[in-house]
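Computed from a predicted structure; not experimentally measured. Every number for a ligand or one of its atoms is a count from 1 in the order of the listing.
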Amino acid sequence: MSVYDRDNIFAKILRGEIPCHKVHEDEHSFAFLDIMPRALGHTLVIPKVPARNILDVSPQALCQTILTVQRVSQAAKAAFAADGITLSQFSEQAGGQVVFHLHFHVLPRFDGVALLPAHTNVESNETLAQKAAKLRAALAEIHA
Ligand code: 5GP
């Protein structure tokens with residue numbers, strides 16, 4: 001089993017060493033926008049504990065994280081008037097994982113609109129800030 005790298009980019013985001021467009025934070029989980037969105041409102045949900053991927057995360061941390069995945073999915077569908085949501089999670093390089101801190105992709109989907117290819121569409125800070133504000137508002141409304 002590969003070890004957890006404490007200097008991966010999401011660990012740095014969790015420590016506040018790298019900025020992000022945060023949409024949610026609680027004791028156990030954290031959610032922020034993907035800087036190269038494959039869909040409008042593409043959000044990443046991660047546990048706060050160090051976990052490389054689905055293969056080494058504790059059952060408890062996984063459960064806490066998936067609850068946030070559900071909340072973010074519900075809020076994203078409302079915020080962006082999406083028709084559906086796609087979730088994805090990649091584990092290890094062969095599984096398509098690039099950043100080695102467990103994360104779930106929450107991808108709002110629209111009828112007839114394909115996902116963009118991964119790691120191609122670099123979004124502007126301004127647009128990301130706008131989308132994050134919308135998603136935070138929807139989270140606050142849904143879970144008030
Ligand atoms: P995966 O490891 O599941 O293949 O994907 C990692 C995801 O992290 C990609 O969708 C990529 O766009 C995103 N990503 C990579 N670096 C950063 C970063 O510095 N900030 C944010 N917010 N997302 C990132």
Side-chain angles (χ1 to χ4, degrees), residues 1-80 82-110 112-140 142-143:
M1 171 75 71
S2 303
V3 292
Y4 179 80
D5 169 15
R6 291 189 176 270
D7 282 328
N8 75 76
I9 200 103
F10 294 169
K12 290 182 179 177
I13 285 175
L14 277 173
R15 292 197 294 267
E17 294 168 9
I18 288 179
C20 73
H21 293 276
K22 179 167 84 172
V23 297
H24 171 84
E25 179 172 13
D26 60 44
E27 194 185 342
H28 304 291
S29 66
F30 192 89
F32 54 103
L33 293 193
D34 196 301
I35 50 168
M36 289 175 271
R38 300 189 63 192
L40 187 158
H42 181 171
T43 303
L44 301 169
V45 181
I46 67 176
K48 285 190 168 176
V49 291
R52 190 173 157 90
N53 54 43
I54 200 79
L55 302 170
D56 66 334
V57 65
S58 72
Q60 190 186 21
L62 178 60
C63 290
Q64 288 154 343
T65 305
I66 208 76
L67 289 176
T68 300
V69 168
Q70 185 188 36
R71 291 186 185 121
V72 168
S73 299
Q74 292 165 337
K77 187 170 183 303
F80 305 115
D83 299 306
I85 298 288
T86 295
L87 300 180
S88 61
Q89 194 288 310
F90 306 127
S91 287
E92 296 302 328
Q93 195 173 357
Q97 187 174 15
V98 173
V99 178
F100 293 92
H101 181 110
L102 172 65
H103 52 281
F104 289 87
H105 298 259
V106 177
L107 295 147
R109 301 302 302 275
F110 303 87
V113 180
L115 290 178
L116 294 168
H119 314 124
T120 54
N121 171 39
V122 180
E123 193 57 276
S124 73
N125 254 323
E126 195 182 27
T127 301
L128 288 171
Q130 263 175 21
K131 304 297 176 217
K134 256 187 137 168
L135 192 43
R136 282 194 300 269
L139 275 161
I142 287 180
H143 301 289

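Contact analysis puts G96 in contact with ligand 1, with a non-hydrogen atom separation below 4.0 angstrom. Ligand 1 has no atom lying under 4.0 Å from any heavy atom of R38.
With a 4.0 Å cut-off on non-hydrogen atoms, F32 touches ligand 1 through its side chain and not its backbone. If you look at H119 next to ligand 1, the close heavy atoms, those under 4.0 Å, all belong to the side chain.
Looking only at heavy atoms of the protein, atom 7 (C) of ligand 1 is closest to D34 OD2, 3.5 Å. Taking atom 8 (O) of ligand 1 as the reference point, the nearest protein heavy-atom neighbour is F10 CZ, 3.4 Å. Nearest protein heavy-atom neighbour of atom 1 (P) of ligand 1: H103 NE2, 3.1 Å.
Between H103 and H101, the ring center distance fails the sub-6.0 Å criterion. Remark: aromatic rings of F32 and F10 are close, center separation under 6.0 Å.
Taken to the nearest 0.5 Å, the OG1 atom of T65 stands 11.0 Å off from the NZ atom of K48. Note that CD1 of I46 and NE2 of H28 are 14.5 Å apart. Values are rounded to the nearest 0.5 Å.
Interface atoms of ligand 1 facing I9, defined by a heavy-atom separation under 4.0 Å, are 19 (O). Close contacts between ligand 1 and H105 involve ligand atoms 1 (P), 3 (O), 5 (O), 7 (C), 10 (O) [criterion: under 4.0 Å to a heavy atom]. Residue-ligand proximity, V98 to ligand 1, at heavy-atom distances under 4.0 Å covers atoms 1 (P), 2 (O), 4 (O). Taking every non-hydrogen atom of Q97 and a distance limit under 4.0 Å, the qualifying atoms of ligand 1 come out as 2 (O), 4 (O).
Taking the charged nitrogens against the carboxylate oxygens, D34 and K131 have no contact shorter than 4.0 Å, which rules out a salt bridge.
Of the candidates N121, I13, L33, I35, I35 brings a heavy atom nearest to atom 14 (N) of ligand 1.
The side-chain heavy atoms of I18 and I9, taken from C-beta on, include a pair separated by under 4.5 Å. Taking 4.5 Å as the limit, some side-chain heavy atom of L107 sits within range of a side-chain heavy atom of L115. Between P47 and Q64, the closest side-chain pair of non-hydrogen atoms is not below 4.5 Å.
Polar contact with ligand 1: present for V99 (N/O pair, distance under 3.5 Å).
With hydrogens and angles disregarded, no donor-acceptor distance shorter than 3.5 Å links the side chain of R71 to the backbone of I66.
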